[in-house]
Amino acid sequence: MYFEVVNQLNQILMDAASALSPEAKEKASDLSFTPARDPEHGDLAANAAMVLAKTVKKSPRDLADVFVKALSASPLVARAEVAGPGFVNVFLSNDILVESLKRILTDENQFGRSKKYAGKKALVEFVSANPTGPLHVGHVRGAVVGDSTAELLAAVGYEVTREYYYNDAGVQMQMLGRSVQARYRQLFGREAEFPENGYKGDYIRYIAAALKTARGDALLPEESWRPFTEFAADILMTIIMDDLRKLRVRFDATFSERSLHESGEVQRTLDRLKDKKATYEQDDALWLKTTEYGDEKDRVLVKSDGEPTYVTPDIAYHCDKYERQYDKMVNVMGHDHHSQCERVKIALSIFGFDLSCLHYLLNQMVSIERGGEKIKLSTREGQFMTLAEMADELGADVTRYFFAQRSYNTQMIFDWDLAKKQSMDNPVYYLQYVHARACSIEEKARERGIQPAPDLRFDASPLSGDRERLLLLKLFYYPLVVMDAAERLEANLIPSYLEDLAKTFHTYYQVQRVLDQDDPVGTQARFHLVLAVRQVMRNGLGLLNVSAPDRM
RNA sequence: GCGCCCAUAGCUCAAUCGGAUAGAGCAUCUGCCUUCUAAGCAGAGGGUUGCAGGUUCGAGUCCUGCUGGGCGUACCA
């Protein structure tokens with residue numbers, strides 16, 4: 001409904017502008033209405049007159065007058081006026097807002113969703129932590145941002161694949177295996193030297209114990225670290241996926257680095273880079289000429305010992321993504337990887353891939369504040385907040401919401417004490433309370449025999465009051481918020497909107513009785529309004545994968 | 001040194017991709033429960049958007065230069 005209305009109004013602007021001059025016609029496609037911030041500015045506002053004033057050589061206000069005249073003829077428009085320096089403000093007819101309300105009740109779970117990108121494929125790669133230990137807070141942020149973004153893309157029509165890429169090859173995995181191997185030998189009382197930079201966490205001991213249970217002493221004579229790595233990686237991946245499930249995060253696919261080596265993709269990628277004359281050999285190593293693309297120094301692709309560096313399989317992986325032909329690829333990772341991304345992008349552009357469909361969401365660091373002091377998070381010191389701890393102590397709803405609420409692009413301080421509070425201070429409950437409250441009203445209504453009108457035919461005139469209209473408008477905007485959030489890849493727009501809607505609803509509830517025995521017509525109308533608010537709240541929370549409880 | 005990102009109320013964060021008088025929540029203060037959930041609502045105080053310039057009808061948002069912080073800058077991943 002929102003888009004139908006705005007498109008119609010935009011068309012009126014375009015037609016009016018096109019009639020003025022050829023130059024104006026060229027610019028006309030940029031003209032667009034957006035929701036007005038201030039109720040006094042109407043429901044929708046357009047800056048078209050100010051944008052076009054110069055090309056048409058007219059004053060913005062005179063030009064705005066032209067638009068207002070054209071808009072006033074539309075049945076969608078109750079009133080249009082010129083305001084301020086030349087804004088065109090439109091007040092929508094109540095009929096349209098009521099139509100939108102009915103659309104919500106008809107579309108239910110589908111309201112706010114769109115088919116705009118139907119037929120397009122999107123890949124969201126996120127978390128992608130190596131299976132060398134349990135997930136910690138930083139990964140939680142990535143998990144929530146990635147999963148919410150995937151949900152949003154699906155909401156606007158994309159066929160979305162959630163993918164987890166993990167490095168199961170290379171030095172770190174070797175270290176993991178050797179750490180387990182040492183612990184395993186120690187379990188049998190053997191002398192075993194623990195590797196210098198090995199993983200010291202307790203979970204390594206558990207894995208060793210599990211290995212002993214599974215295989216007994218069969219691996220004692222084993223010299224190679226490989227079987228230990230394999231065993232440990234399997235267990236850790238299982239733990240990681242179990243932990244993620246606690247946050248309601250599930251993946252459609254995992255992609256292993258090792259498979260890229262085994263299939264020859266890594267070698268093929270190197271060959272192709274050589275063909276492009278983008279590499280050279282020096283000191284027994286193979287280098288990529290990244291300086292030709294603005295890097296401060298060239299980067300090593302293959303070390304002098306013949307092993308590829310981290311970036312090489314990563315390039316191969318991204319080539320594979322491109323070959324799988326996605327319309328949009330989103331990579332969610334920690335900001336500390338940004339220089340890594342740049343190198344991958346350089347390689348991709350050498351191959352001539354279109355970088356505009358590849359989006360990196362680099363989320364900034366998270367610190368946790370608890371009891372008034374910041375908790376230092378350091379994996380090396382073995383001091384970290386794990387995903388499991390967060391999910392168990394705070395629950396999936398709170399954990400997810402706190403991360404979804406903030407832009408991924410800013411460093412964030414996680415207020416543990418607030419998250420822990422089960423009260424009105426906690427924004428999650430504030431939103432959920434809207435839903436529970438609406439459910440409660442519905443229950444009371446049904447007790448009194450009040451039900452949704454058949455075919456939604458009810459007298460909507462009681463909804464033309466200022467307070468009702470305000471709610472109708474917020475509901476009307478919802479599809480735009482979803483579209484914006486999806487197109488801009490900013491999931492945090494959803495919480496902002498929902499908090500605004502919640503505030504408006506709670507205020508309304510306080511001043512206006514919904515079920516009023518002395519006013520059956522008003523009751524019927526307001527009842528539908530409440531059901532619509534509940535539906536939108538439920539849909540919005542659903543995009544964040546946060547639950548909408550019937551009771552609290 | 002160089003690169004990326006950030007700086008908004010005492011605190012945590014928004015601000016419809018350049019729009020109208022910069023908004024919420026927490027904290028502080030003042031009110032509101034015989035009637036659908038007070039896990040709520042109303043009101044008050046709190047700001048030179050780090051600093052200085054520039055671009056234009058219009059800048060928290062864009063460009064330049066500073067200041068202050070985070071991260072990166074490996075033949076680690």
Side-chain angles (χ1 to χ4, degrees), chain A residues 34-38 40-41 45 47 49-51 53-54 59-60 83-87 89 130 132 167 169-173 175 197 257 282-287 294-297 299-305 307-311 314 334-342 362 364-365 367 369 405-407 409-415 417-418 421-427 429-430 432-434 436-445 447-448 477 480-481 484-485 487-488 490 492-493 495-497 499-500 503 505-511 513-517 523 526-527 530 551-552:
Chain A
T34 54
R37 273 186 198 173
D38 187 330
E40 286 185 19
H41 299 150
N47 58 6
M50 287 170 296
V51 175
K54 254 195 181 158
S59 87
F87 288 100
N89 294 340
N130 298 343
T132 55
N167 299 102
V171 183
Q172 293 303 316
M173 294 308 287
M175 193 58 76
N197 292 315
E257 178 194 340
Q282 187 183 314
D283 305 330
D284 295 327
L286 185 72
W287 297 72
D295 203 352
E296 60 188 291
K297 54 175 288 196
R299 306 293 167 174
V300 173
L301 291 170
V302 181
K303 296 185 270 183
S304 51
D305 65 3
E307 291 296 315
T309 58
Y310 175 84
V311 70
D314 209 8
H335 188 268
D336 51 340
H337 287 77
H338 97 266
S339 64
Q340 173 68 21
C341 308
E342 294 307 316
L362 302 179
Q364 302 282 343
M365 301 292 129
S367 58
E369 194 174 301
Q405 202 185 8
R406 288 161 174 85
S407 159
N409 198 28
T410 53
Q411 293 164 33
M412 122 176 218
I413 298 172
F414 191 100
D415 187 340
D417 299 322
L418 178 62
K421 268 192 207 171
Q422 300 211 356
S423 77
M424 53 183 160
D425 298 346
N426 193 327
Y429 300 118
Y430 187 76
Q432 291 180 326
Y433 190 46
V434 169
R437 208 167 217 183
C439 286
S440 175
I441 292 173
E442 192 202 20
E443 200 180 307
K444 277 281 185 307
E447 280 171 19
R448 298 180 193 180
Y477 296 146
L480 171 68
V481 176
D484 264 355
E487 290 183 334
R488 289 162 58 178
E490 291 178 23
N492 61 303
L493 294 177
S496 297
Y497 168 84
E499 283 173 32
D500 186 33
K503 176 81 182 165
F505 178 71
H506 286 313
T507 299
Y508 178 69
Y509 175 88
Q510 206 70 28
V511 295
R513 227 189 134 66
V514 176
L515 308 175
D516 183 350
Q517 265 138 351
T523 295
R526 290 188 295 265
F527 178 56
V530 169
R551 264 171 202 289
M552 293 176 72

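FYI, side chains are in, hydrogens and waters are out, and symmetry mates aren't considered; it's all heavy atoms of this structure. First the proteins, then the strands, lettered A, B, ... as listed; each starts at 1.
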**OP:** Report yes if some heavy atom in the side chain of A/H506 is under 4.5 Å from a heavy atom in the side chain of A/R437; otherwise report no.
**Re:** yes
Original post:
How far, in whole Å, is B/C2 from B/U67 if one measures between their P atoms?
Top reply: 11 Å
Original post:
So does A/R551 get a side-chain nitrogen or oxygen closer than 4.0 Å to the phosphate oxygens (OP1/OP2) of B/A39?
Top reply: no
**OP:** Only counting residues at least two apart or in another chain, list the ones meeting side chain to side chain donor-acceptor pair (under 3.5 Å) with A/S59.
**Re:** A/D62
Distances under 3.5 Å only, N/O to N/O: pair up the protein atoms with those of nucleotides 55-59 of chain B.
{"residue": "B/C57", "atom": "OP1", "partner": "A/K54", "partner atom": "NZ", "Å": "2.8"}
{"residue": "B/C57", "atom": "OP2", "partner": "A/K54", "partner atom": "NZ", "Å": "3.4"}

Between N or O atoms, less than 3.5 Å apart, protein on one side and nucleotides 62-65 of chain B on the other: list the pairs.
none

**OP:** Kindly say whether, by distance alone, the side chain of A/N89 makes a donor-acceptor pair under 3.5 Å with the base of B/A20?
**Re:** yes
Original post:
Given atom CG of A/L301 and atom C1' of B/C76, what is their separation to the nearest angstrom?
Top reply: 15 Å
Subject >> Any residue meeting ring-ring contact (aromatic ring centres under 6.0 Å, His included) with A/F505, in chain and number order, not counting sequence neighbours >> reply: none
Original post:
Can A/F87 be said to stack with the base of B/A20, given centres closer than 5.5 angstrom and planes under 30 degrees apart?
Top reply: yes
Original post:
A/L493 near the nucleic acid: base, sugar-phosphate alone, or nothing, with a heavy-atom cut-off under 4.0 Å?
Top reply: sugar-phosphate
Original post:
Tell me, do A/N167 and A/M173 make a side-chain contact under 4.5 Å, heavy atoms counted?
Top reply: no
Original post:
Using a cut-off of less than 4.0 Å, is there contact between a side-chain N or O of A/K444 and OP1 or OP2 of B/U35?
Top reply: no
**OP:** Enter syn or anti for the glycosidic conformation of B/C33, syn applying to angles within 90° of 0.
**Re:** syn
Original post:
Quick one: A/Y430 OH to B/G25 C1', roughly how many Å, whole number?
Top reply: 9 Å
Subject >> Side-chain N or O of A/T410 closer than 4.0 Å to phosphate OP1/OP2 of B/A14 >> reply: yes
Original post:
Rounded to whole angstrom units, what separation is found between the CD atom of A/Q172 and the C1' atom of B/A77?
Top reply: 5 Å
Table of protein N/O atoms under 3.5 Å from nucleotides 67-72 of chain B N/O atoms:
{"residue": "B/G69", "atom": "N2", "partner": "A/Q411", "partner atom": "NE2", "Å": "3.2"}
{"residue": "B/G72", "atom": "O2'", "partner": "A/S339", "partner atom": "OG", "Å": "2.9"}

Original post:
Taking atom P of B/C41 as reference, at what distance in whole Å does atom OH of A/Y508 sit?
Top reply: 16 Å
**OP:** Report yes or no: is there a donor-acceptor pair, N or O only, under 3.5 Å between the side chain of A/T507 and the base of B/C41?
**Re:** no
Original post:
Which part of the nucleic acid, if any, lies within contact of A/P35, taking any heavy atom under 4.0 Å across all strands shown: a base, the sugar-phosphate backbone alone, or nothing?
Top reply: base
Subject >> Base-pairing string, 5' to 3', of RNA chain B - Watson-Crick or wobble, under 3.5 Å, | interstrand >> reply: (((((.(..((((.....[...)))).(((((.......))))).....(((((..]....)))))).)))))....
Original post:
Looking for any heavy atom pair under 4.0 Å, which part of the strands does A/V171 touch: base, sugar-phosphate only, or nothing?
Top reply: sugar-phosphate
